[in-house]
Amino acid sequence: MSGGSARFGGVSSADGTGEQLAFIRETVRRAKPRAARGVVLAERQPVARVLVDKGVLSLDQYFDYAVPESMSEDARPGVRVRVRFGGRVGAHGRREGGALHDGFVVERRDDSDYAGPLAPLARVLSPEQVLGPELLRLCRAVADRYAGTLADVLQLAVPPRHAGAEGEPSPRPLPPPPAPAAGSWERYVHGAEFLASLAGGHPPRAVWTALPGPEWPAEIARAVAAALASGRGALVVLPDGRAVARVDAALHELLGAGRHVVLAAEAGPQERYRRWLSVSRGSVHAAIGTRAAVFAPVRDLGLVVVWSDGDGSHSDPNAPYPHVREVALLRAAEEGAAVLLGGVSMTVEAAQLLRSGWARPLAAARETVRLTAPRVRTVTEYDQARDGAAQAARLPSVAWETAHEALTRGPVLVQVPRRGYAPRLACGRCRETARCRACGGPLESPAAGAVLVCSWCGTEEHDWHCAECGSFRLRAAVVGVRRTAEELGKAFPRIPVRTSGRDAVLATVPGAPALVLATPGAEPVAPGPGYAAALLLDGWALLNRPDLRAGEEAVRRWLTAAALVRPAAEGGTVVVVAEAAARAVQALVRWDPAGHAGTELDEREELRFPPVSRMASVTGSARAVADLLGLLRLPAGADVLGPVPVFGGNGSGGGVWGVGGSGGAGGAREEGVERALVRVAPGQGAALAAALKAAQIARLALRGAETVRIRVDPTDIG
């Protein structure tokens, strides 16, 4: 094992030091590699450069190992191996001690930078070349962008090995299909031209504002078919399994079986690895799936599609926390592929791509939008219902009347921002938030008459009273989906009520009249023309979140739900319970996500917030954060915001507001945990990531201190 792949520097100086170092370097490289005693080296390229699977910042480099002659044929670049890491070289030239670790061979060489005896490869786990050069370059770029390690990224990119799947042959690749007709892409300005460009093998880049309705899966399928028709591959990344299932069905309908695979955890480890291998071996040229699928090794990639890039599911919760959109853009730039960022809404990052000219807009004319969108009505929560049933359901009269009429024609969707029964409680007298006496977290009621439970630590509270005024009375500060379902069931006694949320997410619902209550992101699809109406309740809970993206996220969630409703010409109506003058509400009323994203981008430019600037969050104990900031060598013009206390109950440091964005003035401070934001100008993101990584390495090397959680381009800036 070598000390790493670092090279001797050829420094020029008056005393000839540079020439001496160059001579030493060449002498070392010309020296025949030596292995531990008793190991017969391979005749050709006896050195294997290995990436050891240890996600430690200070070890984010390659290490040289000797290749025994018995392993020479199988130890090719890209295969998995086992190596002994650590320990020491004994008196007889044998490496003693050290644990066995998995790794990947990244290169075979004739020489090594390490002059001592090399430890031999312990074992070739499989001759399957799973880490190709394109995937290796992509993972290295992602690790550098997010101040992480290559080993950590590879854990996200390469699925665990399954010997049974590797032993099975993959099917023969099918010939390219014919170029598809434009179909519903004709509804978009330049939609047909976009497909024609893909079919011609060109790499167009577009931000696609999809029209409401059920056609978007078929439109993605046509884009994939156009890329395949050019002889190149395609990759589609979607936020959840339900969206994957819809695109999968559309691809089967358009292209038949055998031209694409679905990469999803639901398939099980063996089947998912079998499908991944069919892509890696070039048997299948199109792959669709959720977050991890963005790394799928599609051969000759011609198109990358990311649907709903603002969905939080696209941000990986594991280090180094990459975002699907950014990985897709890195990959498209590296492999010369087309890009299609699509969704019914638009993120500020997508708006910046349009403004910079990197991508072109792909949208429908306003007349087409008006024909396909439902009617949107606004009402405030203070609008008192005139009907007794509406009062029992706590619905404004407009919302109750809309639901009552629409239920004669089909199902009605009710979006509730919070799961549970009463996820936030307050004192009935002074309105102070009801908090856990053990940790200070907010109390919630999981069901009617149930014992109160802390949403942070899970402690039950049997004898609560208000610490401020002593009252024993409680009121619901926020009402959850189960409580809303109970109240709507009383208001509409003969109508079925279905719920869809984290505990049980429905993919579809029947077309018969019913009330369908769902939390954001869990809205099921109604057949045929869609829902007769939708009620978007408690809009303030989305708009008042103390987060930079509160307005953007509200627009995305509302448009996603409203897109499932029938067009206005067919009676489709959406009622949003929120302040009508709010910018996000007006974007919904006008169905103008691009305009809202552009305005948000203007404000970010004035405030120097992402994506106009590059930013990283540093979270940990107060001492550790201060220590890292003291070692940080930032580029010119950089500034540090904070540190500030972290509010929340999970200690993850994912944002100042902690769990569920529920902090703020009522949040409980985490003892000793702080967060700082480091901001740099555009174009300095690589320098920021390198500086953060170097500072973290220095802390661990010099002090052996606790790590600090570093997140580049965090999605939850409070």
Side-chain angles (χ1 to χ4, degrees), residues 76-80 104-107 126-142 153-154 156-159 161 165-166 168-180 197-205 220-221 223-238 247-248 251 254-264 267 271-290 292-306 324 327-340:
R76 298 174 295 168
V79 305
R80 305 177 202 251
F104 296 91
V105 175
V106 298
E107 184 183 2
S126 166
E128 187 80 40
Q129 293 175 283
V130 294
L131 182 59
E134 295 85 1
L135 182 56
L136 178 61
R137 286 195 297 270
L138 174 65
C139 292
R140 180 73 268 172
V142 172
V153 178
L154 283 176
L156 306 178
V158 182
R161 177 176 178 256
E166 282 187 349
E168 301 173 6
S170 296
R172 294 176 60 87
L174 298 175
S197 181
L198 285 175
H202 303 292
R205 301 188 294 256
I220 289 179
V224 170
L228 295 180
S230 73
R232 303 192 70 184
L235 175 63
V236 182
V237 189
L238 303 116
V247 175
D248 178 37
L251 281 167
L254 181 64
L255 297 175
R259 294 194 181 274
H260 77 282
V261 294
V262 174
L263 301 177
E271 179 60 27
R272 187 179 188 278
Y273 189 50
R274 181 185 295 113
R275 297 175 186 179
W276 190 90
L277 286 175
S278 69
V279 175
S280 177
R281 294 168 177 173
S283 298
V284 180
H285 292 96
I288 66 173
T290 49
V294 73
F295 293 100
V298 176
R299 298 273 186 94
D300 193 14
L301 186 64
L303 171 66
V304 182
V305 181
V306 178
V324 163
V327 177
L329 297 182
L330 284 172
R331 187 167 185 182
E334 173 68 27
E335 302 185 41
V339 175
L340 182 61

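Heavy-atom basis, side chains included; hydrogens, waters and symmetry copies ignored.
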Would you give the length of the straight line joining atom SG of C139 to atom CD of E134, rounded to the nearest 0.5 angstrom? 11.5 Å
Quick check for you: to the nearest 0.5 Å, what is the distance between L154 atom CG and L135 atom CG? 6.5 Å
Which heavy atom of V298 sits nearest to which heavy atom of G233, and what is that distance? CG1-CA, 3.8 Å
Nearest heavy-atom pair of G258 and V284: which atoms, and what distance? O-CG2, 4.3 Å
Starting at CG of L303, measure out to CG of L235 and round the result to the nearest 0.5 Å. 8.5 Å
Are V105 and R80 close enough that some pair of their side-chain heavy atoms sits under 4.5 Å apart? no
Contacts table for residues 170-177: side-chain donor-acceptor under 3.5 angstrom, sequence neighbours left out:
from, atom 1, to, atom 2, distance (Å)
S170, OG, R281, NH1, 3.0

Side chains of V79 and L131: closer than 4.5 Å at any heavy-atom pair? no
From S280 OG over to Y273 OH, what is the distance, rounded to the nearest 0.5 angstrom? 8.0 Å
Taking the side chain as every heavy atom from C-beta outward, state whether V106 and L136 have any atom pair closer than 4.5 Å. yes
For a side-chain contact (heavy atoms from CB on, under 4.5 Å) check, start with the C-alpha distance between R232 and H285, then their side-chain angles and the critical distance, and finish with the verdict. CA-CA 7 Å; R232 303 192 70 184; H285 292 96; over 6 Å; no
R331 side chain near V294 side chain, heavy-atom distance below 4.5 Å: no
For the pair R205 (side chain) and L340 (backbone), establish whether a donor and an acceptor sit closer than 3.5 Å, ignoring hydrogens and angles. no
Shortest non-hydrogen contact from A338 toward H202: CB-O, 4.3 Å
Any idea which heavy atoms bring P159 and R272 closest together, and the distance? CB-NH1, 3.6 Å
How long is the straight-line distance from CD of E271 back to CG of L263, given to the nearest 0.5 Å? 10.0 Å
Quick check: do V236 and V224 have side-chain heavy atoms less than 4.5 Å from each other? yes
Can you name the closest pair of heavy atoms from A337 and L301 and give their distance? CB-O, 3.5 Å
Please assess L251 against I288 for the test side-chain contact (heavy atoms from CB on, under 4.5 Å), listing each intermediate value before the final yes or no. CA-CA 10 Å; L251 281 167; I288 66 173; 3.8 Å; yes
Does any non-hydrogen side-chain atom of L138 lie less than 4.5 Å from one of V327? yes
Is V130 close to W276 at the side-chain level, that is, under 4.5 Å between some pair of heavy atoms? yes
Separation between CG of L238 and CG of D248, rounded to the nearest 0.5 Å: 10.5 Å
Taking the side chain as every heavy atom from C-beta outward, state whether R140 and R137 have any atom pair closer than 4.5 Å. no
Taking all non-hydrogen atoms of both residues into account, name the closest pair between G336 and P203 and its distance. O-CB, 3.6 Å
After noting the C-alpha distance and the side-chain angles of F295 and V153, does the key distance pass the side-chain contact (heavy atoms from CB on, under 4.5 Å) rule? CA-CA 10 Å; F295 293 100; V153 178; 4.0 Å; yes
